[in-house]
Amino acid sequence: MPGFELFGDQERAQVQDVMDSGVLMRYGFDGMRNGHWKAVELEKALADRMQVKHAQLVSSGTSALTVALVSAGIGAGDEVIMPTFTFVASFESILAIGAVPILVDVDNTLTLDPDAVEKAITTKTKVVMPVHMCGSMADLKALKSICDAHDLLLLEDACQAIGGTFEGKPLGSYGDLGCFSFDYVKTITCGEGGGIITDNDSYKANADHYSDHGHDHLGKDRGAESHPFLGYNYRISELNAAVGLAQIARLDEFLAIQKKNYSILREALEAIEGITFRRVPEGGVESYAFLNFFLPDAETAKRAHTVLGDSGVDACFYWYDNNWHYYRKWEHLIHKTSLGKLPQEVYDRLPDYSKSDFSKSDHWVGRNISCLIKLGWSEDEVRSRAAKMVEVFKTAFQ
Ligand SMILES: *Cc1c(COP(=O)(O)O)cnc(C)c1O
């Protein structure tokens, strides 16, 4: 997955443009810029690639989620449905605006289970936020029909699946809003950065203003602009955007490499009895950022993960025991541990997750191993990796 593996002349040249002008900020300083508007150009490139009207860049994927929620008018006390298996950014972005994260189970897609979503809807629910974990997507068709029936917003977190598609549409473009992360370990990176995509003109205008202190961005004098509503600073810098501009031009090249490496590993593992693969919803095409598979039970999966690591097969994850990506280790959320006082709405409405039953998630995540697909591997390296994996499963588990 990580685009940093293939940094080269294009990234260097883009960054050099910014250093030559000396303008590291995305707004203003028109006279000094030598025509360089890296953030603006990257927004256009992202919107074009994702086949949507608008893109808004921000400082991270986490802030993209926050700004996306705010841009659609979500605020204190509103409930946002999210999965038990995701990165902590999901609930962080919700809590940041005083809204309430409602965790629900994942199924054999390793993403939101539509039945569990439907059961979790209350009069306070405003958003369903599927997270397309590890290179593949939620059942967007089923989720969209639930959202339509209950008048809810569909916000896709496509941070780990950029370049995948569903029913021919780029992931992130199917719902009302989609979010990407361009942090250092994502498929394409800005170093730090994030993006929001939408076809909705007012969400775009709101995101644009909100992410820059509420500036309306009208006229040529930044100091004279007015502020139609309260905002915050979630801006990306020109330096970060410059790196991303080089990387987005290489996205399709990166996806082709991911697919090739993934296919070699998958073909090898398909021959192993007892291994099954994550379900990809009908109409979906993965980004191939990870290869995800299930073992017959949690104990075998845990042991297999250890043996893989000991055999030199690195970059495979057993998420069930992971501190950052699975609800079991989110003690700070479960116990509402924060530095300052949380908003009253969060205290009042956050479920007591120490008592929740997520056994359906445990069933799937407990049996899962996810292996990162790297861009820098040579074909020989992928083939020897595949052989090593087969060896591990043949000797240790059959
Ligand atoms: C990386 C990631 C984020 C957050 O992105 P940052 O840019 O690191 O803030 C959000 N959601 C998912 C699923 C991610 O993998």
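Every heavy atom of this structure was used, including side-chain atoms; hydrogens, water molecules and symmetry mates were not. Atoms within a ligand are numbered from 1 in the order they appear, just like the ligands themselves. These numbers come from a predicted model, not from an experiment.
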At under 4.0 Å between heavy atoms, what of Asp157 touches ligand 1? The answer is side chain
Nearest protein heavy atom with distance in Å, relative to [atom]:
atom	value
atom 15 (O) of ligand 1	Gln160 NE2, 2.8 Å
atom 8 (O) of ligand 1	Asp183 OD2, 2.6 Å
atom 9 (O) of ligand 1	Thr62 OG1, 2.5 Å

* **Sub-4.0 Å heavy-atom approach of Lys186 to ligand 1** => yes
Applying ring pair (Phe, Tyr, Trp, His ring centres under 6.0 Å) to Tyr184 and not counting sequence neighbours gives Phe4
Under 3.5 Å, which donor-acceptor pairs link side chains of residues 74-86 to any protein atom two or more places apart or in another chain?
residue: Asp78; atom: OD1; partner: Lys126; partner atom: NZ; Å: 2.9
residue: Asp78; atom: OD2; partner: Gly75; partner atom: N; Å: 2.8
residue: Glu79; atom: OE1; partner: Thr122; partner atom: OG1; Å: 2.8
residue: Glu79; atom: OE2; partner: Arg349; partner atom: NE; Å: 3.1
residue: Glu79; atom: OE2; partner: Arg349; partner atom: NH2; Å: 2.7
residue: Thr84; atom: OG1; partner: Ser361; partner atom: OG; Å: 2.9
residue: Thr86; atom: OG1; partner: Ser90; partner atom: OG; Å: 2.7

**Item:** Lys360/Asp115 ion pair, N-O < 4.0 Å
**Value:** no
*Using the side-chain contact (heavy atoms from CB on, under 4.5 Å) rule, take Met389 and Leu291 through it: C-alpha gap first, then chi angles, then the decisive distance, then the call.*
CA-CA 12 Å; Met389 291 176 88; Leu291 175 62; 5.6 Å; no
A student checking ligand 1 against Val131 at a 4.0 Å heavy-atom cut-off should list atoms 13 (C)
Of Cys159, Ser60, Gly195, the residue with the heavy atom nearest atom 12 (C) of ligand 1 is Cys159
(request) Using atom types as modelled and distance alone, determine if a side-chain donor or acceptor of Tyr353 lies under 3.5 Å from a backbone N or O of Trp330. (result) no
Given the options Glu238, Glu41, Glu43, Arg26 meets salt bridge (Lys or Arg N to Asp or Glu O under 4.0 Å) only with Glu43
